[in-house]
Amino acid sequence: MEITKHLFLNLSILIILLFFYLICFDKYKKLLTLKPILIFLFTGLIWVCVQLSYNPVPFSHYDLRIIPLVIGGLYLGMGPILVLALLIIRSFYGWDIGLLETSILYGPLAIVFWLITPWYWKQSSSRRILIAVLLGMILGILTIGGMELFHPYTNWIDAWFAFLVIPPLGIAIVSYAIEFVKKNNQMRLQLIKTEKLKAVEQMGAAISHEIRNPLTAASGFVQLLQDDYLPRHKRREYLALVRDELLSAERVIQDYLTFAKPALEAYEELNVKSELKQIINILQPLANQNSVEINTDFSVIGFIKGDQQKFRQCFINVLKNAIESMPNGGYLSLKTEYDQEYVSVTVKDTGVGMTKEQLERLGEPFYSTKGSKGTGLGMMVVYSIVRAMGGWIRVESEVEAGTVFHFHFPAIRPYRKAENQ
Ligand code: ADP
Ligand code: MG
């Protein structure tokens, strides 16, 4: 049982190291797939194996070096380098008959690796595992052959078991892990790609639908305007309607562009209070239509950095949603607070509110409960703008009671430039 025990200990250590490698893999993927780093790691593994080897007589070392050699040789195409590394490592343990034996066995192996790697990669994943395991077995048999020639070991059953079972088992575990991670990665990439395509497709459909509606309406009014005998007040009314429709088409395009390119274009100093006041002015007619009363409680100061256009777009989307959530009237309160670090904006409505599931989906592209009236782009854009400005959002909502949005933006001190000069 001596060799078996030794090799099992060796295998456990290899598996523990593999486990740590896989844990770090996602985070340091770039570093951990660099060839020099991999050569270093595999040489380290071979060294660990040789260090842990079973030495019945001083010149012979029996261990699991086969595993890193086969895996590194087949999967990474580093066979010849690893064989060289093994011979160098082994030479530190003495220039003896064992080293000669190692060279005889592994020298040709370097050539085998070099020849079969391109073919190996053309095989299917399960065949790759099988080939690696078979190669491990062949090497195991050759090792025992060498053992019988050079070293009188008494318990042959133990030796055969150890070399025919443990290295192939280790190779199977490691190669399976590699194939598994590889397959997972491929699937993830594929998924991201299809998701992206789906998003673009949905976006295209939504955008064309959302733009076509107002444009059709606008062109209808333009047709009516062609009537020479149209009374003046009617003409003015139609023109206002055309303008509204065009503006709503423009807003959809704006949302789409912000989704496609959320980075801020301009970084200017924004006075939160005056920006919000202007946004309220824009939305006042909509609020009146829905009998919504707007209350404000603004702190005296509050400056943040950002893109004015996008800041407005963000709050127009939020306030529009709030107003739309109160079709039978209600109260919309806006409050800003300021401390040294953050400017916070709280938007509270007394509308229909959201369930927990709806709240979780808020900000997902195309998520809307408004049927053909909604685009489901508004909140997605809000989130991306706030994120780009370095801020964050917290939402609380209760069905039939209303919703509260808390926005936090990093505060800046106004006129800092002037102070520094
Ligand atoms: P849309 O307004 O076109 O439906 P949004 O992305 O602006 O798309 O909003 C997504 C969904 O989030 C809305 O359909 C609505 O169900 C919900 N929602 C957003 N704001 C509120 C709010 N203040 N009160 C209740 N529901 C809201
Ligand atoms: Mg909306």
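Both ligands and their constituent atoms are indexed starting at 1 by order of listing. Both backbone and side-chain heavy atoms feed into the values below; hydrogens, waters and symmetry mates do not. Predicted model, so just to flag it, every value in this text is computed and none were measured. FYI, the numbering just counts along the sequence from 1.
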Intermediate values then yes/no, salt bridge (charged side-chain N to carboxylate O under 4.0 Å, His left out), Lys320 and Glu324
CA-CA 6 Å; Lys320 255 188 87 197; Glu324 283 163 0; 3.8 Å; yes
salt_bridge(Glu237, Arg235) N-O dist < 4.0 Å
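A salt bridge is absent here (no side-chain N lies under 4.0 Å from a carboxylate O).
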Anything under 30° is parallel, anything over 60° is perpendicular, the rest tilted; go ahead and classify Tyr21 against Phe25.
tilted
Main-chain N/O of Ile301 paired with Ser299 side-chain donor or acceptor, under 3.5 Å:
yes
So, the side chain of Thr403 versus the backbone of Ser397: is there a donor-acceptor pair under 3.5 Å, distance only?
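Checked: no pair found.
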If the criterion is any heavy atom closer than 4.0 Å to an atom of ligand 1, which residues make the list?
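Residues near ligand 1: Asn321, Ala322, Ser325, Asp349, Gly353, Met354, Leu362, Tyr367, Ser368, Thr369, Lys370, Gly374, Thr375, Gly376, Leu377, Gly378, Met379, Thr403, Phe405.
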Between Trp392 and Phe409, is the ring centre distance below 6.0 Å?
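Aromatic pair excluded; centres sit 6.0 Å or further apart.
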Please confirm whether the ring centroid of Phe303 lies under 6.0 Å from the ring centroid of Tyr338.
no
What are the two closest non-hydrogen atoms of Cys314 and Val386, and how far apart are they?
SG-CG2, 3.9 Å
Report the protein N/O/S neighbours of the Mg ion (ligand 2) that fall below 2.8 Å; do not count waters.
Asn321 OD1
Atom NZ of Lys5 and atom OH of Tyr54: how far apart are they, to the nearest 0.5 Å?
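Spacing of NZ (Lys5) from OH (Tyr54) equals 9.5 Å.
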